[in-house]
Amino acid sequence: MPAATAVVLLAAGRGVRMKSARPKVLHEAAGRALVDHVVAAARTFLAGRPGSRLVVVAGAGRDELVPHLARTAPEALVAVQDPPRGTGDAVRVALSALGDAARVVVLAGDVPLLTAASLARLDEALDAGAGIAVLTALLPDAGAYGRVVRDAAGRFARIVEAKDASPEVRALGEINSGIYAFDRELLERELPRLTDANAQKEYYLTDVLGFAVGDGAAVAALPVDDPAEVLGVNSRLELAEVDALLRLRAARAAMAAGATLIRPETITLDEGVTFGSDVVVEPFVSVTGASSVGAGTRIGQGCVIHASTIGANVSVRPYCVLEKAAVGDGAVVGPFARLREGTDLGEGVHVGNFVETKKARLEKGAKANHLTYLGDCRIGERTNVGAGVITCNYDGYGKHFTDIGAGVFIGSDVQLVAPVAVGDGALVGAGSTITKDVPADALATSRVPQKTIEGGGARYRERKTAAKAAGK
Ligand code: UD1
Ligand code: MG
């Protein structure tokens with residue numbers, strides 16, 4: 001049976017290098033807060049472990065962080081560290097929340113690419129007798145990371161922070177990821193020995209590893225296969241780098257699911273967007289939030305899709321914007337359509353260019369192909385909405401509903417002044433302003449009668465031409 005394990009997620013640092021009013025770990029990469037990525041890895045790792053728990057160490061930004069966690073990680077216990085006095089001090093404040101965990105895994109809230117598979121490797125090292133295991137990485141430019149120092153035999157000796165390192169140590173390419181598994185007893189024995197006698201005047205968790213080696217404990221330093229996994233976010237530049245890597249991961253997952261991404265480097269996907277097989281996504285598309293795209297669907301160039309559900313065999317033509325919309329199987333949307341919140345398109349619906357919809361349900365086979373606003377309405381099955389039709393849903397004070405039945409024909413340039421209803425099979429003539437309900441199968445028009453003046457056009461031209469010649 002696996003050992004009872006607590007994950008301690010450090011998120012109390014100030015993140016000064018971000019130059020931000022927001023706590024660093026709430027900055028987003030691939031559509032999710034950094035801390036949420038780490039929580040996801042922790043959850044996968046902890047699943048099925050007896051007595052497992054997640055403790056988040058929050059500090060200065062906790063007014064924002066704690067409510068955020070209540071939404072995204074309600075199982076997390078919060079320990080408060082204020083002021084932040086270093087990673088060692090942060091782990092110390094979490095000790096009282098560890099329950100009867102025998103192992104403590106420490107994660108940093110700013111390392112979002114970490115996978116549960118790498119955490120499992122730490123665990124295996126402890127199973128094999130190590131007192132502490134740490135993930136490391138070999139980087140071409142080790143920058144501000146702590147350096148891993150090994151002895152002549154290649155065994156782990158200690159970690160030295162970049163700011164405290166001699167030029168020789170700074171030249172080492174193996175870095176500390178800040179991700180560890182500790183035998184709890186060993187951790188609790190060594191923590192009280194930390195001091196802040198260093199360049200940053202902080203209690204460094206990293207010093208625990210050196211002390212443990214001095215006491216004869218085995219410390220396993222395990223380089224990860226993909227150094228990207230342990231990239232930490234300390235600046236906006238690093239945030240952009242991590243964001244790009246996470247999105248690349250999402251693109252790979254989409255392709256693995258059978259989607260063709262054309263020029264994937266131009267496509268922006270959030271983690272967790274799902275794709276059916278034989279989806280085609282053209283360049284410069286963004287699909288974010290909790291969105292899904294069904295099998296056989298094609299998303300045209302330049303579409304921006306957020307938190308939307310798109311069915312199978314849909315064609316979303318270029319340059320459409322969808323937000324919190326649902327699109328049924330076989331529908332055709334765009335080009336240049338805007339589907340806003342609460343749009344619900346049924347099977348085979350057509351919504352064409354320059355059509356805006358909001359809280360609009362278009363039932364099976366309905367069509368609105370050109371230059372139309374449909375808000376707060378239902379459009380019944382097979383109904384055809386002509387060019388330039390507008391549901392006048394707002395009277396300056398409140399929103400009102402338009403209900404249009406099945407098999408209706410709404411001519412071009414009709415205004416439907418809500419609240420109003422048009423019954424099944426009715427016909428509304430082009431150019432009408434409809435203010436009263438139209439019963440089923442009725443014909444409604446509200447046009448001014450047409451006046452035709454014979455020869456009037458010719459006379460108008462003569463008058464204008466003569467005036468121009470006279471210089472008027
Ligand atoms: C830390 C490591 C460094 C490692 C790097 C990896 C130490 C002393 N150094 O440096 O060896 O290479 O991570 O990314 O551990 N935090 C707190 N309370 C504090 C200080 C920090 O909760 O008092 C949290 C931060 O919010 C952050 C994490 O701990 O999530 C790491 O802190 P950070 O200041 O980013 O440490 P680094 O300088 O990156
Ligand atoms: Mg960091």
Side-chain angles (χ1 to χ4, degrees), residues 7-18 20 22-27 33-39 41-42 55-62 64-65 69 78-94 106-114 132 134-139 141-149 156 158-165 169-170 172-180 182 187 191 194-211 221 223-224 227-239 241-242:
V7 168
V8 175
L9 201 165
L10 305 185
R14 285 206 185 89
V16 278
R17 287 167 278 178
M18 295 296 283
S20 173
R22 286 166 87 192
K24 173 167 76 176
V25 297
L26 292 185
H27 281 265
L34 295 175
V35 68
D36 294 345
H37 291 282
V38 185
V39 166
V55 182
V56 177
V57 181
R62 64 185 180 279
E64 282 180 75
L65 179 58
L69 291 170
V78 176
V80 174
Q81 183 209 26
D82 196 7
R85 295 193 299 162
T87 47
D89 180 62
V91 170
R92 195 186 50 76
V93 306
V106 174
L107 308 180
D110 63 351
V111 182
L113 288 144
L114 177 72
I132 303 174
V134 55
L135 292 177
T136 71
L138 295 158
L139 297 185
D141 174 12
Y145 289 100
R147 306 297 200 269
V148 173
V149 180
F156 175 90
R158 64 184 179 282
I159 292 166
V160 182
E161 289 308 294
K163 284 182 180 152
D164 299 293
V169 169
R170 278 186 73 94
L172 297 172
E174 186 177 9
I175 63 105
N176 168 31
S177 69
I179 295 156
Y180 324 79
F182 294 90
L187 176 67
L191 270 177
L194 296 183
T195 72
D196 62 357
N198 52 54
Q200 303 186 76
K201 304 259 179 301
E202 285 184 1
Y203 295 87
Y204 291 165
L205 182 60
T206 46
D207 288 343
V208 163
L209 282 70
F211 294 149
V224 289
E229 225 191 279
V230 298
L231 289 179
V233 174
N234 298 296
S235 65
R236 305 275 181 164
L237 177 62
E238 286 168 348
L239 183 66
E241 286 165 356
V242 156

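Each ligand, and each atom within it, is numbered from 1 in the order the structure gives. Nothing fancy with the numbering, it's 1 onward along the sequence.
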query = So, the side chain of Arg147 versus the backbone of Ile175: is there a donor-acceptor pair under 3.5 Å, distance only?
reply = no

Shortest heavy-atom approach to atom 20 (C) of ligand 1 - which of Gly86, Ala11, Gly178 = Gly86

query = Is it the side chain (CB and beyond), the backbone, both or neither of Val230 that lies under 4.0 Å from ligand 1, heavy atoms counted?
reply = neither

query = For ligand 1, is there an N or O atom under 3.5 Å from any N or O atom of Ala12?
reply = yes

remark   = closest protein heavy atom to atom 28 (C) of ligand 1 is Ala108 CB, 3.8 Å

request  = May I ask whether Lys24 places a heavy atom under 4.0 Å from ligand 1?
outcome  = yes

message = I need the nearest protein heavy-atom contact for atom 24 (C) of ligand 1: residue, atom name and distance, please.
response = Leu10 CB, 3.6 Å

task = Starting from atom 37 (P) of ligand 1, find the nearest protein heavy-atom neighbour and note its residue, name and distance.
result = Arg17 NH2, 4.1 Å

key: Under-2.8 Å protein N/O/S neighbours of the Mg ion (ligand 2), ordered by chain then residue number   = Asp110 OD2, Asn234 OD1

request  = Only heavy atoms count here, so choose which of Asp110, Val233, Leu9, Asn176 is nearest to atom 4 (C) of ligand 1.
outcome  = Asn176

key: atom 17 (C) of ligand 1 [closest protein heavy-atom partner, distance rounded to 0.1 Å]   = Gly13 N, 3.3 Å

request  = For Gly146, take its heavy atoms, then give the atoms of ligand 1 lying under 4.0 Å from any of them.
outcome  = 3 (C), 4 (C), 11 (O), 12 (O)

note = min-distance protein heavy atom vs atom 1 (C) of ligand 1 -> Glu161 OE1, 4.5 Å

Ligand-residue contact atoms, ligand 1 with Pro84, heavy atoms, under 4.0 Å = 19 (C), 23 (O)

Atom 15 (O) of ligand 1: the protein heavy-atom neighbour that sits closest, reported with distance to 0.1 Å = Thr87 OG1, 2.7 Å

message = Only heavy atoms of Ser177, strictly under 4.0 Å: list the atoms of ligand 1 that pass.
response = 6 (C), 14 (O)

